[in-house]
There are 2 protein chains.
Amino acid sequence: MFTLAEENYLKAIFHLEHEGSGEVSTNAIAESMETKPSSVTDMIQKLAEKKLVVYKRYKGTLLTEKGKKIAANVIRKHRLWEVFLVDKLNFHWDEVHEIAEQLEHIQSEELITRLDKFLGSPDFDPHGDPIPDKNGVLKRTEKKLLSQIEKNQKGVCVGVKESSADFLQYLDKKKISIGTKITVLGKEFFDGSMIIQVGNEQFFISHKIAENLYVQTL
Amino acid sequence: MFTLAEENYLKAIFHLEHEGSGEVSTNAIAESMETKPSSVTDMIQKLAEKKLVVYKRYKGTLLTEKGKKIAANVIRKHRLWEVFLVDKLNFHWDEVHEIAEQLEHIQSEELITRLDKFLGSPDFDPHGDPIPDKNGVLKRTEKKLLSQIEKNQKGVCVGVKESSADFLQYLDKKKISIGTKITVLGKEFFDGSMIIQVGNEQFFISHKIAENLYVQTL
DNA sequence: CTTTATTTTTAGTTAAGTCTAAAAATAAAG
DNA sequence: CTTTATTTTTAGACTTAACTAAAAATAAAG
Ligand SMILES: [Mn+2]
Ligand SMILES: [Mn+2]
Ligand SMILES: [Mn+2]
Ligand SMILES: [Mn+2]
């Protein structure tokens with residue numbers, strides 16, 4: 001129905017809409033897709049003709065309901081495949097993103113219906129990201145960035161914002177994964193760095209780490 | 001490493017080489033891929049430059065060792081995915097080909113290694129076709145077309161030559177699947193049609209059916 | 001052998017998706 | 001406000017993989 005390129009653009013715009021607020025800029029799309037702004041303009045104009053986005057020259061882009069649905073479905077497929085790779089093929093959570101990036105474009109309703117069932121209809125992917133349902137609806141969950149947690153508060157890790165292999169491997173080294181309890185022992189105002197407790201270990205983390213870890217406060 | 005189009009051409013040439021003997025003609029490739037001969041010539045010249053085929057103008061095309069290996073690997077992936085779809089997702093054998101046609105192009109050595117293990121390193125796909133090993137080696141098996149079996153001989157169905165949904169659904173209707181025992185009760189010289197016994201049922205089949213069913217004589 | 005038919009290749013287009021370079025619009029600074 | 005900087009779009013070019021139409025080579029028929 002839609003080309004690989006179109007699906008990737010819709011997905012990128014979907015993610016950017018959820019991060020910022022309001023129209024998504026051409027440069028933001030270009031950066032997130034590692035492509036040039038001129039290429040983005042071309043594609044957006046094509047998507048606008050197909051009524052998948054609303055586009056106003058020099059102002060930015062927003063997905064239409066139709067565009068949102070398609071994007072959410074690609075994300076649904078991506079995350080279901082990630083669950084498959086981790087749960088069934090025993091991949092580690094830092095190895096699955098690139099492969100899912102390809103698998104998300106396989107076209108077959110029936111395949112996804114059956115895959116979902118096979119996996120036990122999971123609600124979250126291996127990185128703690130929610131899996132949209134058949135209709136593209138994303139369950140919104142109560143989660144905060146670890147960086148927003150106050151001193152002496154406790155939280156359980158429910159996801160990661162970044163899911164680069166580097167970051168995930170850092171978390172492994174520190175024995176942090178989905179479900180891990182984290183206590184904030186200290187917080188430095190100057191640079192946002194923290195001292196946290198994980199299990200019996202206490203250690204220092206930078207602001208960059210803290211703002212890429214999602215937790216639910218206890 | 002190679003584009004989707006390149007992989008599909010290599011696969012088609014691989015299959016055609018195994019059917020006929022000697023060079024594969026441009027028209028044969030075009031027909032099997034539902035494309036135009038001029039497009040085939042273009043692509044073959046590109047594959048020849050990449051040393052994946054040996055091509056002589058007006059004479060035909062043969063895969064090089066490198067080309068064979070790549071083709072066999074695509075076929076390996078295709079057939080492993082078909083096993084996955086049938087064994088794990090409970091698809092029926094007439095529903096999996098189109099989906100595997102997409103999945104065969106997913107690029108990840110590790111994925112296939114793990115998928116193979118997950119499936120128990122199967123030797124055959126749901127249509128009875130052998131799955132090439134990691135090095136592209138195809139286990140050759142003793143099999144004949146049902147049409148080559150003589151009157152009063154018995155065989156067990158080990159595969160299908162065609163695997164179109166229409167043909168597979170016909171076989172279902174007649175209760176024929178991989179492992180089914182078939183006895184040839186009669187054979188008409190004029191049109192190659194047969195009377196066969198399957199289970200307790202005896203019925204007529206045309207030559208077209210008989211020449212698309214592989215059996216091992218008992 | 002020649003003529004005719006078939007197969008295959010070449011030449012010239014096209015569409016998707018990308019890029020660079022230049023122009024136009026908007027935003028920021030003075 | 002005007003000038004400068006940034007963002008965005010347009011124009012033109014390129015690559016891949018298709019196509020049509022025409023030419024060239026090979027095979028088949030007479
Ligand atoms: Mn993608
Ligand atoms: Mn994920
Ligand atoms: Mn294919
Ligand atoms: Mn098969």
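Any value given below was found using the heavy atoms of this structure, including those in side chains, with hydrogens, waters and symmetry copies removed. Letters go in sequence order (proteins before strands), and every chain restarts at 1.
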Within residues 57-71 of chain B or reaching into it, pairs that qualify as salt bridge (charged side-chain N to carboxylate O under 4.0 Å, His left out) - sequence neighbours excluded = B:Glu65-B:Lys68
task = Fill in the dot-bracket string of DNA chain C, one character per base: . for unpaired, | for a pair to another strand, ( ) or [ ] for pairs within the strand, taking Watson-Crick or G-U pairs under 3.5 Å.
result = ||||||||||||||||||||||||||||||
Test side-chain contact (heavy atoms from CB on, under 4.5 Å) applied to B:Asp87 - qualifying residues, sequence neighbours left out = B:Val83
inquiry  = It should be established whether A:Tyr9 places a side-chain nitrogen or oxygen under 4.0 Å from OP1 or OP2 of nucleotide C:dT18.
reply    = yes
inquiry  = Between C1' on D:dT16 and CG on A:Leu4, what's the gap in Å once rounded to a whole number?
reply    = 15 Å
Name every donor-acceptor pair, under 3.5 Å, that has one atom in a side chain of residues 23-42 of chain B and the other anywhere in the protein, sequence neighbours excluded.
unit_1	atom_1	unit_2	atom_2	d
B:Ser25	OG	B:Ala28	N	3.0
B:Ser32	OG	B:Ile29	O	3.2
B:Thr41	OG1	B:Pro37	O	3.2

task = Give every residue pair that meets the salt bridge (charged side-chain N to carboxylate O under 4.0 Å, His left out) criterion with at least one member in residues 124-133 of chain A, sequence neighbours excluded.
result = A:Arg79-A:Asp125
ask   = What about the rings of B:Phe84 and A:Phe84, do their centers lie closer together than 6.0 Å?
value = yes
key: Partners passing salt bridge (charged side-chain N to carboxylate O under 4.0 Å, His left out) against B:Lys208 (at least two apart in sequence or in another chain)   = none
Look for any protein N or O under 3.5 Å of an N or O in nucleotides 25-27 of chain C and output each such pair with its distance, or none.
unit_1	atom_1	unit_2	atom_2	d
C:dA25	O4'	A:Tyr58	OH	3.4

inquiry  = Using OP1 and OP2 only, check whether a side-chain N or O of B:Ser39 sits under 4.0 Å from D:dA18.
reply    = no
note = For A:Asn212 and A:Phe167, the nearest pair of non-hydrogen atoms, with its separation, is O-CE2, 3.5 Å
key: Residue-level proximity of residues 14-35 of chain B to DNA chain D when a heavy atom falls under 4.0 Å   = B:Thr35
key: Pairwise salt bridge (charged side-chain N to carboxylate O under 4.0 Å, His left out) hits with a residue in residues 107-122 of chain B, at least two apart   = B:Arg76-B:Asp116, B:Glu110-B:Arg114
request  = Compute the centroid of each ring, for B:His97 and then for B:His78, and state whether the two points are separated by less than 6.0 Å.
outcome  = yes
message = Would you say B:Asp166 and B:Ser164 are linked by a side-chain donor-acceptor pair, where the criterion is simply a distance under 3.5 Å?
response = no
task = For A:Lys36 and for B:Ile44, find the nucleotide of DNA chain C with the closest heavy atom, then tell me which residue's nucleotide is more 5'.
result = B:Ile44
Show each protein N/O and nucleotides 11-13 of chain C N/O combination with a separation under 3.5 Å, one pair to a line.
none

Pairs touching residues 6-20 of chain B that satisfy salt bridge (charged side-chain N to carboxylate O under 4.0 Å, His left out), sequence neighbours left out = B:Glu6-B:Lys46, B:Glu6-B:Lys50, B:Lys11-B:Glu101, B:Lys11-B:Glu104
task = Could you tell me the separation between the NZ atom of A:Lys56 and the P atom of D:dT9, rounded to a whole number of Å?
result = 13 Å
note = For A:Ser177 and A:Trp93, the nearest pair of non-hydrogen atoms, with its separation, is CA-CH2, 4.0 Å
request  = With sequence neighbours left out, write down each residue that passes side-chain contact (heavy atoms from CB on, under 4.5 Å) with B:Leu145, or none if nothing qualifies.
outcome  = B:Ser147, B:Gln148, B:Lys161, B:Tyr214
note = note: B:Gln45, atom CD; D:dA18, atom C1'; distance rounded to Å ~ 15 Å
